[in-house]
Every structure is written in structure tokens, then in C-alpha cells.
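Inspection log for the structure reproduced underneath, given as C-alpha cells.
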There are 2 protein chains.
Amino acid sequence: MSTPERLIEATRELLWDRGYVGTSPKAIQRQSGAGQGSMYHHFTGKPDLALAAIRRTADELRASAEASFSSEGTAYERIRGYLLRQRDVLRGCPVGRLTMDPDVIAGDALRAPVTETIDWLRGELARIVQEGLDAGEFSAHLVPEEIAATVVATVQGGYVLARASGSPAAFDAGVRGLLALLAPRTA
Amino acid sequence: MSTPERLIEATRELLWDRGYVGTSPKAIQRQSGAGQGSMYHHFTGKPDLALAAIRRTADELRASAEASFSSEGTAYERIRGYLLRQRDVLRGCPVGRLTMDPDVIAGDALRAPVTETIDWLRGELARIVQEGLDAGEFSAHLVPEEIAATVVATVQGGYVLARASGSPAAFDAGVRGLLALLAPRTA
DNA sequence: GTCTATATTGTGATAGAC
DNA sequence: GTCTATCACAATATAGAC
């Protein structure tokens, strides 16, 4: 792997585990095996490197979600697929956690990929819920954008519950509760 | 206000906005108006002061939630009251945000109040959902602990959506979606 | 109780040799 | 492209005067 590549990957790991304020250039250098000089040769500084790392993480998350969304099945099945897809629950969401980082949220550059990713997620889910409504799968009084927000929030909040309790079980409980509420009436 | 009091309050504000790793003793001293010497006279260091601050924040959050839970009304109405209670949405949850702080989660001392608060919330909500089930208010197939987790997750995740989009509207959308899913069948 | 001085290590970066 | 100085400032304290 090239040096810029190793720097970006190391930064992604550190941002995921410690956030932006908790990630120092020195830690990035240690984790990537690159020296001081290399890092500042390839990137202008910590914000520049963090931006590259965040963008890549956002792209990966999007590609991964897209796979769930475009699978076969009813709207409910696709939402269930998204909710139950494998996750590193105790590590949290590598994009969502950045919303709690003051230095990420404060500036436009680092915040943009975060905003776009979460907004895109809500939009895709809203589209799926609308398809479910059109198919008569869900109660007609449900509002697609609201249900989409509830689904994304349950996932993001599920990470909080899991980390608070120290167990992925809390995440799973929240997801199962949501699926029970969302389930098409089979009676 | 006494000096220890001002130190604790300043730390609470900073922890809320910047997290534990983002909060320095110097910033606490500036915000509280206390000097270096005072801070280290009243507290052994940053972790000690943070513990006092986190405990107080957790106690306040619990008291505030208790007010919603113990109000009059059906189970659905009490859950709705909790979900719609006034919040500083864009600032996030002062307790939940600490779950993303590596130095808080890593140690038992600082993590304990966070764990206890979130676990307590889930327990109280599960109790209310059970009451709703007993009263025939909810579908019998719902599992109280799961719905409770979904409710808390929707709130915690709602903060993430709001901060990602820069608007409290995203939080409100998630809550309305959940309430629509949870609403007793009126037909 | 509060203040100032001092200390060690880390942060985030620049400069210039190789 | 990478390395080793070097730098100014912040983080997180300790020591001891007042």
C-alpha cells in the first residue's frame, strides 16, 4: 500500500475509534508507519487528511447501504435487510459519530460528507417506504420521510445504547422493536 | 456560587459541547473563572472533576425524564410526552454523547453514570409499555424491552440526524414517525 | 483557598538536509 | 519522498509561596 493510502486508512481507524478531536497527527504517524515529513508532504495537515478519510468512509457506507436497498423483496424486507445487516455495533457508526465532534460540525468542509451521507440515507429509505405504501404494505397514514428518519435514528441511537450498556444486545433490541412496529399486518 | 460549584457547572457545559477528550483543564478554568490552583485544590484532576459533572448531569436528566414518566395519562400519552418534551436538540444529549467518548467508555468510573442512566431509561419505558400492553393499548405481540430500546434509540439517533442536517426538524421527523407506528389503533 | 512558577509530554506544524 | 531538527503553544499536572 502506498504511503498516502496508509495514512488515510490509519486516519479512518483513528477517527472511528477516537473522533477528530481525539486523533493527533502523531497517532496517525504511529499507526500508519509514516514519518512526520511524509504526512506533511502528502497532505497539508490534519484537516486535509481527515477530509480524505471521512470522504472514503462515507463512500463505503453509502455503497454498503446501497446493497441492502437494491436487493430483491418487499419494502419491509429491504428495510429489514438494512436494519439487520452486519455491523460492528460496539464500535459505533463511523459517520454518525462524527456529528458529535465539535471540530467536524463547526466547519463546512468536514461536515459536508457527513451531512450528505445521512441525508442520502434518509432519502433512500423514504423512497422505499413510499414504494411500500404504494403496494399497500404499510398503513396509509404513515409519512415516508418520517418513517425513514425513525429507521435511521433507531440505528444511530442503537449504537448509543449498545456502547452505554457495553453489549450489542441493546442495538438488536431496538431494531427488533422497530421491525415489530413496522411489520405488515399479517392478520 | 462557590468555586467548586462553578467548576462543576463549567465542566458540564464543556462536556456537553466538546466531550471529554475535547475539554481541557485550561478551558474549564477560563469558563469557570477559577485559577489553576483552585481547580487542583478542590479536585484531584480532570477525571475527578468530570465525574462530578457527569454525575450531576445524569441526575438531572433522570429527574427530568421522571417527570414525563409519572404524568397522568395512558401509556401512549406518557411515551409521547417523553418524546415531545422540550430538548436542546442541536446540542445533543449530554449523557448519550459521552458514549462516543473513548476516554469515558474506557474506564469504569466515568462510564458508570452513563450506563446507569441509559439503562434506567430503558427500564422505565419498558415498564410503561408493559402497562400499555396490560391495558390493551398496544398490539399484544410487542415486547416491552424492545419497544423501550426503540424509543430511547429514536431519541438518541434523532440528535445525530439533527446535528448532521443542522436542523431540529430531523429529530422531530423521527419522533413523529415513531409515534405514528406506536399509535393505538383508533379504527 | 488561591496564586504563581515550573515541569513533562503532546499537538500541529515548518524548514531544510538527504 | 522521506528524514531529522526545531518551534510555539496547549495539556495536565506538581510545588510551594501567600
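All heavy atoms count here, side chains included; hydrogens, waters and symmetry mates do not. Chain letters run A, B, ... following the sequence lines, proteins first and then strands; every chain starts at 1. The shown structure was predicted, so the numbers you read here are calculated from the model rather than taken from an experiment.
In this structure, A/Ser24 reaches the C/dT11 phosphate: one of its side-chain N or O atoms is under 4.0 Å from OP1 or OP2. Within the 4.0 Å cut-off from OP1 or OP2 of C/dG1, not a single side-chain nitrogen or oxygen of B/Thr3 is found. When the side-chain nitrogen and oxygen atoms of B/His42 are compared with OP1 and OP2 of C/dT2, one or more of them lie within a distance under 4.0 Å.
Atom-to-atom, NE2 of B/His41 to P of C/dT4 comes out at 16 Å; the value is rounded to the nearest Å. Distance B/Lys26 NZ to C/dT11 P: 16 Å, rounded to the nearest Å. One interatomic measurement links the two molecules: CZ of A/Arg6 to C1' of D/dG1, which rounds to 12 Å at whole-angstrom precision. Rounded to an integer number of Å, the gap from A/Met39 CE to D/dT4 C1' is 16 Å. In this structure, A/Ile28 places its CD1 atom 16 Å from P of C/dG10, rounding to the nearest Å. For B/Tyr20 and D/dA11, the OH to C1' distance is 12 Å, given to the nearest whole Å. B/Glu5 places its CD atom 14 Å from the P atom of C/dG1, with the value rounded to the nearest Å. Rounded to whole angstrom, the span from the CE atom of B/Met1 across to the P atom of C/dG1 amounts to 17 Å.
From A/Thr57, atom OG1 reaches atom CZ of A/Arg62 across 14.5 Å, with rounding to the nearest 0.5 Å.
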In sequence, state the C-alpha distance, the side-chain angles, and the governing distance for B/Arg56 and B/Glu60, and then conclude on salt bridge (charged side-chain N to carboxylate O under 4.0 Å, His left out).
-> CA-CA 6 Å; B/Arg56 180 171 301 179; B/Glu60 275 192 14; 5.8 Å; no
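A cation-pi arrangement is absent between B/Arg18 and A/Tyr20, since the terminal nitrogen or guanidinium carbon is not both under 6.0 Å from the aromatic centre and inside a 45° cone about the axis.
Residue-to-nucleotide proximity on DNA chain C shows that, of A/Arg30 and B/Pro4, the 5′-proximal contact is made by B/Pro4.
Grouping the Ile, Leu, Val, Met, Phe, Trp and Tyr side chains by contacts below 4.5 angstrom, directly or via other members, places B/Val175 with A/Leu142.
A/Leu49 belongs to a hydrophobic cluster whose other members, connected by ILVMFWY side-chain contacts under 4.5 Å either directly or through intermediates, are A/Leu7, A/Ile8, A/Leu14, A/Ile28, A/Met39, A/Tyr40, A/Phe43.
At distances below 3.5 Å, at least one donor-acceptor pair connects side-chain atoms of B/Arg6 with backbone N or O atoms of B/Ser32.
For the residue pair A/Trp16 and A/Gly92, the shortest heavy atom distance occurs at NE1-O, 2.9 Å.
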Below 3.5 Å is the cut-off: list the nitrogen or oxygen pairs between protein and nucleotides 13-17 of chain D, distance only.
{"residue": "D/dA13", "atom": "OP2", "partner": "B/Lys46", "partner atom": "N", "Å": "3.3"}
{"residue": "D/dA13", "atom": "O5'", "partner": "B/Tyr40", "partner atom": "OH", "Å": "2.9"}
{"residue": "D/dA13", "atom": "N6", "partner": "B/Gln36", "partner atom": "NE2", "Å": "2.5"}

